[in-house]
Amino acid sequence: MKPKNFNERCYSLLKKVPKGKVTTYKSLAKALGSKAYRTVGNAMNKNPYGALGRAGGSPQKSELVPCHRVVCSDGKVGGFAAGTPIKIKLLKSEDVDVLNGKINLKKYLFKFN
DNA sequence: CTAATGACATTTG
DNA sequence: ACAAATGCCATTA
């Protein structure tokens, strides 16, 4: 396995995010001490834990790294390797209310700093 | 080492 | 408010 330090940091922080809460790529990168919001998203895309690929099922792998709990700073769900609708579905399953593909950060945004 | 990529963010139209 | 353009930064080829 390659070091990929940055990615592993992202995963570690992501694991700290409690269920029913979401974080933004920006906050995540900031917590890492960088502004590489893009790199964070890139890390998830290539994420070794896979992007679930199953909706409304039993996302066991998501327990390792809840990639679906990462959203845009604007409150938009953002993207997902398996498909945005899948991500939304997963979030709803986590007691997160998603309206029009947007999330109420005022309620569900969990910040590290 | 240099170039290209992208699950974003911010500013402008 | 929405859409397009520009900027950022680590990873990968």
Side-chain angles (χ1 to χ4, degrees):
Chain A
M1 291 291 279
K2 298 164 190 173
K4 300 186 228 173
N5 289 316
F6 208 93
N7 297 28
E8 296 196 9
R9 305 285 175 224
C10 295
Y11 305 143
S12 297
L13 281 167
L14 212 38
K15 286 183 202 167
K16 293 181 192 173
V17 178
K19 175 178 171 245
K21 291 266 185 165
V22 296
T23 185
T24 66
Y25 297 94
K26 189 182 182 179
S27 294
L28 202 44
K30 195 173 183 181
L32 291 173
S34 297
K35 335 178 242 22
Y37 357 96
R38 285 235 141 180
T39 314
V40 176
N42 250 2
M44 298 303 133
N45 184 18
K46 292 161 178 167
N47 145 355
Y49 301 99
L52 315 182
R54 340 168 67 9
S58 303
Q60 300 177 9
K61 295 209 166 188
S62 64
E63 296 179 20
L64 301 174
V65 175
C67 315
H68 56 273
R69 282 183 200 153
V70 187
V71 298
C72 297
S73 63
D74 289 48
K76 294 180 203 169
V77 184
F80 202 58
T84 308
I86 306 301
K87 185 172 178 177
I88 296 174
K89 197 171 176 70
L90 283 165
L91 286 168
K92 289 200 169 191
S93 296
E94 300 274 318
D95 299 308
V96 179
D97 196 26
V98 183
L99 301 177
N100 274 344
K102 297 250 175 78
I103 296 179
N104 192 342
L105 297 178
K106 295 290 188 190
K107 277 183 161 195
Y108 304 106
L109 178 56
F110 172 83
K111 44 191 174 187
F112 304 95
N113 36 305

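Just so it is clear: chains get the letters A, B, ... in the order the sequence lines come, proteins before strands, and each one is counted from 1.
- The separation between A:Leu28 atom CG and C:dC9 atom P is 16 Å, rounded to whole Å.
- Listed by first then second residue, pairs satisfying salt bridge (charged side-chain N to carboxylate O under 4.0 Å, His left out) with a partner in residues 17-31 of chain A read A:Lys19-A:Asp95, not counting sequence neighbours.
- Taking 4.5 Å as the limit, every side-chain heavy atom of A:Thr39 sits out of range of all side-chain heavy atoms of A:Tyr25.
- Summarising the geometry, the separation between CG on A:Asn47 and C1' on C:dA10 is reported as 16 Å, rounded to the nearest angstrom.
- Whole-Å rounding puts the A:Asn5 CG to C:dA10 P distance at 12 Å.
- Closest contact between the side chain of A:Lys46 and the listed nucleotides B:dA7, C:dT12, B:dG6 involves C:dT12.
- For the pair A:Lys35 NZ and C:dG7 P, the interatomic distance rounds to 15 Å; values are reported in whole Å.
- The interatomic distance linking A:Asn7 (CG) with C:dC9 (P) rounds to 17 Å, in whole Å.
- Separating the NZ atom of A:Lys76 from the C1' atom of C:dA1 is a distance of 10 Å, rounded to the nearest angstrom.
- For the pair A:Lys15/A:Val65, a side-chain contact is recorded, criterion being any heavy-atom separation below 4.5 Å from C-beta on.
- In this model, the phosphate group of C:dT11 is not approached by any side-chain N or O of A:Thr39 to a distance below 4.0 Å at OP1 or OP2.
- With hydrogens and angles ignored, no donor-acceptor pair closer than 3.5 Å exists between the side chain of A:Tyr25 and the base of B:dA9.
- Distance A:Asp74 CG to C:dC2 P: 11 Å, rounded to the nearest Å.
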Q: Start with the C-alpha distance between A:Leu105 and A:Val71, add both sets of side-chain angles, then the distance that settles side-chain contact (heavy atoms from CB on, under 4.5 Å), and finish with yes or no.
A: CA-CA 9 Å; A:Leu105 297 178; A:Val71 298; 4.0 Å; yes
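- In terms of phosphate contacts, A:Lys26 brings a side-chain nitrogen or oxygen within less than 4.0 Å of OP1 or OP2 of B:dT10.
- The side chain of A:Asn45 contributes an N or O atom lying less than 4.0 Å from OP1 or OP2 of B:dA7.
- Atom C1' of nucleotide C:dT12 and atom CZ of A:Phe6 are separated by 16 Å, given to the nearest angstrom.
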